Amino acid sequence: MFYTEEEEKVRLRIKAQPGASRSEFAGLYGEDALKIRIAAAAVEGAANKELIKFLSKAFKVPKSELRFVSGETSKIKVVEFPKTERFAEFAKKSY
């Protein structure tokens, strides 16, 4: 499972792929991570900033509510944010 839920929080395990032409969900990476292509290079935190911006828009969560739990300098990251209706729909929709 690429995410876990604790009370009103979600932890999302992500395989980040920087340098894409646009930011987008790209399916599952194995069984326990969600692959996301990021439209920014992995230079000076640019890809992490773009990832936070992308997740904020995708799940209707303020950027200030998203935080890295682990992997901030790794390709496999864990991001935590408040559970939203948009995320619940996403989780049961296609993954």
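Values in this document were obtained by computation on a predicted structure and should not be read as measured data.
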Which donor-acceptor pairs under 3.5 Å do the side chains of residues 49-66 make with protein atoms, sequence neighbours left out?
| unit_1 | atom_1 | unit_2 | atom_2 | d |
| --- | --- | --- | --- | --- |
| E50 | OE2 | S23 | OG | 3.0 |
| S56 | OG | V61 | O | 2.5 |

Indicate if I36 and M1 have the same hydrophobic cluster label, given that clusters are the connected sets of ILVMFWY residues with side-chain heavy-atom separations under 4.5 angstrom.
-> yes
Find out whether F90 and L34 are in side-chain contact, i.e. whether some heavy atom of one side chain is under 4.5 Å from a heavy atom of the other.
-> yes
Distance in Å, I76 CD1 paired with Y29 OH, rounded so as to fall on 0.5 Å steps | 5.5 Å
Sequence neighbours excluded - salt bridge (Lys or Arg N to Asp or Glu O under 4.0 Å) pairs with any residue from residues 78-88 | E5-K83, R11-E80, R67-E80
Provide the full list of salt bridge (Lys or Arg N to Asp or Glu O under 4.0 Å) pairs with a residue in residues 25-36, sequence neighbours left out, each pair given once.
-> R13-D32
Spatial distance of atom CZ (F81) from atom CZ (F87) [nearest 0.5 Å] | 5.0 Å
ILVMFWY network linking I14 to F68, side-chain heavy atoms under 4.5 angstrom = yes
Name the one of R22, Q17, K15 that satisfies side-chain contact (heavy atoms from CB on, under 4.5 Å) with R37?
-> Q17
Which heavy atom in A41 sits nearest to a heavy atom in A46, and how many Å separate them?
-> O-CB, 3.5 Å
Shortest non-hydrogen contact from P18 toward A42 | CG-CB, 3.8 Å
